[in-house]
Every structure is written in structure tokens, then in C-alpha cells.
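One structure is given here, and the rest of the page talks about it.
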Protein chains: 2
Amino acid sequence: MREAYRSDLRHLVEDLVEMLDLVRSGLVDASTALLEGDLALAERVIAADSHIDDDQMQIDEKMIELLARQGPVASDLRLLVAGLRMSSTIERMGDLAAHIAIVARRSHPQLGVPERHREEFQRLGELALGAVTSSAKVISDNDLALAAQVEKDDDELDSLQSEIYRSIARNDDYSSAEVMNLTLLARYYERIGDHAVSLVRRVGFLVTGDTLDSRGALGDPDEE
Amino acid sequence: MREAYRSDLRHLVEDLVEMLDLVRSGLVDASTALLEGDLALAERVIAADSHIDDDQMQIDEKMIELLARQGPVASDLRLLVAGLRMSSTIERMGDLAAHIAIVARRSHPQLGVPERHREEFQRLGELALGAVTSSAKVISDNDLALAAQVEKDDDELDSLQSEIYRSIARNDDYSSAEVMNLTLLARYYERIGDHAVSLVRRVGFLVTGDTLDSRGALGDPDEE
């Protein structure tokens, strides 16, 4: 029985990593759909998001059952509570990838990102993808050195978002629709990075008992 | 002991409602700061957000302690799991109110919302506030009739956001900086409404065991 329980807890971690893997694929495809104007691919990302939602519901049910059946305390309880938080966070990351695809679809047959911002958005996509991929490895291997890399990717995402915002604000030859799309897109990518940070901070807390930031916040880094 | 436990569960609900009350004040002040260009008020909202974050951490610790001490099952367990979700949601609503105040601060000494959109943003603020206030009552009184009102406020928020986006996209005399601010502001208000809906759906699930939407989703209404 105890053996089965330990194996259930290990499975839970694998389930979260698999959910993140779906987010990773969705994000890769959303970025491609956006930069290449691929409508069919955008539609697929949008449709596939419901699988991530379903996964979350299933994983949550498993965790609630473990809480009910095992009445865990101490570190196992913390793990399950963190797991419940992480599944919501990952589900939200999937939504954000779908939102990027929705902008690609709305812009079609135009590209959602004008040529002169293409490189910046390609870089936003790479940084967000790096943060998602690394956060999955942090969760599966408790690799806290890699957690620092996720924080670094997120800092770079934040700076790049601010830089894009400043460059758009300086420039008045965009149409309002273009500005709206660019504003939202940069925010979606940056939020994916925030969520990745929140995932690795939870792992850090589980492993060391310490929060990784000075405020002791395990919350969302999207704060002043 | 059992009596103390029931009282702890009741307190938990009160704590969540108090957190929402801080969000409500923050939102009222953020909307005023935005529409009146009140810099000092904007600063106060931004600074006060950390109280909501602290509240969340305290409430979460209480819930984790209850899980550890009581090993609850069935409906008590569902309540605690929902409580953990709701505290994150409310904390996020506080962040969004602070984000509105940050736009007010960034725009100062200009107003963040140009005169011709003033009424629309006033209405966005009212709808978001209505959703927050009603969701607190749904949580404290299990008032599911009022939950329907929160869904209605949120639908109206969504339509108004789309209308504002269309009207901005049609209009090319705004500066890029203005379009960016309006785009983000409308999104922040609309997200507050989404979070209120997610709160009342959780209450609905606790009370009836049924999810309120056809997809069975308890997740975020910010989805396709």
C-alpha cells in the first residue's frame, strides 16, 4: 500500500511534466503559426488546448483522491498542495499559447507581427520556450541549478517586453490594430515566463523549504 | 476539537471574503486614480497590493495546517482544495487592480484614458467591481442566484472589451502609447471579471457538485 502511494506521488510529477510537454508543443506551434501566418496550425493549437484542460481535471482528481485516501502530512502534503497549484499554472500556460494562436488567426491573411518586429518576437518565443522546457526539467529532476536559468530567461523576457513596448510607443506608423496585437502578444509571452518562474519557485520551496526570492513570495512574479 | 475544526472552516471562508474586500477597495481606488489622474492614489493601490499577497500566504498556511491536522475527506476536503484555488485567484485579482494603478501612474500627468473612452472605462470599472462584490457575497452566503449575476457581469465585460478593441482598431488618431495603455487596461478589467466567475463556479461546484458550464470546466473563462 505504502509502495503504491509512493508510486502515485511519482506519477503525479510525471503527469505534470507531460502536461508541460503539451504546453511546449502548443507554444512551438503557436509561435510558428504567428510568424509564418499558418492559419491551419493556429487552429490546431487552439483546438488542442482543451486536452491540456482535460489533463488538468484528471490530475487534480488524482491529487484530491490521494489527499482523501492517504491524509498525507509534512512533505507529502506540501507536494500535493504544490501539485494542485502547478496544474493550474500549467493549464494557464496552455491558454496563453492558445491566445498567441488566436492573434495569428485574427491577423490572417496578414502576419500578426510586422517584419521589423519579427526578430524580437522570434526571440520572445525562444525565451518563453526555453523557460517552459527548463521548468519541466526542474520539476522532473528537482534541478535547482536549472531553476536559476528559468529566472534568467524570465528576466530577459521582461526586458525584451519593455523594450518592445518602448519601441512601439516611440513609433506612430503602426495601425491601432497592429499596436493592439503586438501589445497583447508581448504580454502573453511574458506571462508564460512568469508562470514558468512560479513553477520552479514551488519546486525550490519543496526541495529546500526556502523561497527563492527575498520577499518570501511564492506567488506570481508579475508584480511590482 | 470537532467544534474548533468547524469554526476554523468557517473562518477560512471569512478570510477569503476579507481578502476580496481588499481587492474591492483596491479596484475602486485604481479606477478613480485612472479616471481622475490621481497619482498619490495610484501609488497607494500599488503599495497596498502586498497586504493581499501576505493575506494569501497566511490563509494558505492555515489551510495546509487544517489539511495536515484533520486529514479531511469528502466535502471538507473539497472545500479546502477550493479554498487554496480561490486564494490564488483573489491574489491575482489584487495584482490586476495594481496593474490598472500602474497604468495610471505611467500616464501621469496625462490621463490614462482619453476623454472619448472615459465612459466605456467607467463602465468596465463598474462591471468589474460588481463582479468582485457579488462574488464575495456568493462565497459568504453560498448565494448561487447571485453567481448567475457574476456570469452576466462578466459577459457584459467581455462584450464591452471587444467593443472597445474594435473601436480602437477603427481609429488611427491615437498615439501608439495610448493604444497600448487602452489595450492593457481593457484586458486587466476583463481578467478581473474572469477571475470572479472562476470563484463563483467553485462555490457552485461545492454547493451542488455540478459544474456550471457545459464543458464541465472549473477553469478560467478566458478561453475559446
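Chain naming here is simple, since letters A, B, ... match the order of the sequence lines and numbering starts at 1 in each.
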Considering only heavy atoms, which portion of [X] lies under 4.5 Å from any heavy atom of chain B: side chain, backbone, both, or neither?
{"X": "A/Ser87", "value": "side chain"}
{"X": "A/Ile64", "value": "both"}
{"X": "A/Arg170", "value": "neither"}
{"X": "A/Arg85", "value": "side chain"}

Value rounded to 0.5 Å, distance of CZ in A/Arg92 from CZ in B/Arg92:
8.5 Å

Which distance, rounded to the nearest 0.5 Å, do you find between the CG of A/Asp173 and the CG of B/Asp172?
11.0 Å

With chain B, which of A/Glu61, A/Met63, A/Arg166 has the greatest number of heavy-atom pairs at distances under 4.5 Å?
A/Glu61

Run the side-chain contact (heavy atoms from CB on, under 4.5 Å) test on A/Leu184 and B/Tyr165 for me, step by step, so that the C-alpha distance in whole Å, both residues' side-chain angles and the decisive distance to 0.1 Å come before the verdict.
CA-CA 12 Å; A/Leu184 290 172; B/Tyr165 278 7; 3.9 Å; yes

Between B/Ser176 and A/Ala169, the two heavy atoms sitting closest are CB-CA, 4.0 Å

Heavy-atom pairs under 4.5 Å with chain A - which of B/Asn171, B/Val179, B/Leu67 has more of them than the others?
B/Val179

Among B/Leu80, B/Leu84, B/Leu182, which has the most heavy-atom pairs under 4.5 Å with chain A?
B/Leu84

Residue B/Asp76 versus chain A: region with a heavy atom under 4.5 Å:
neither

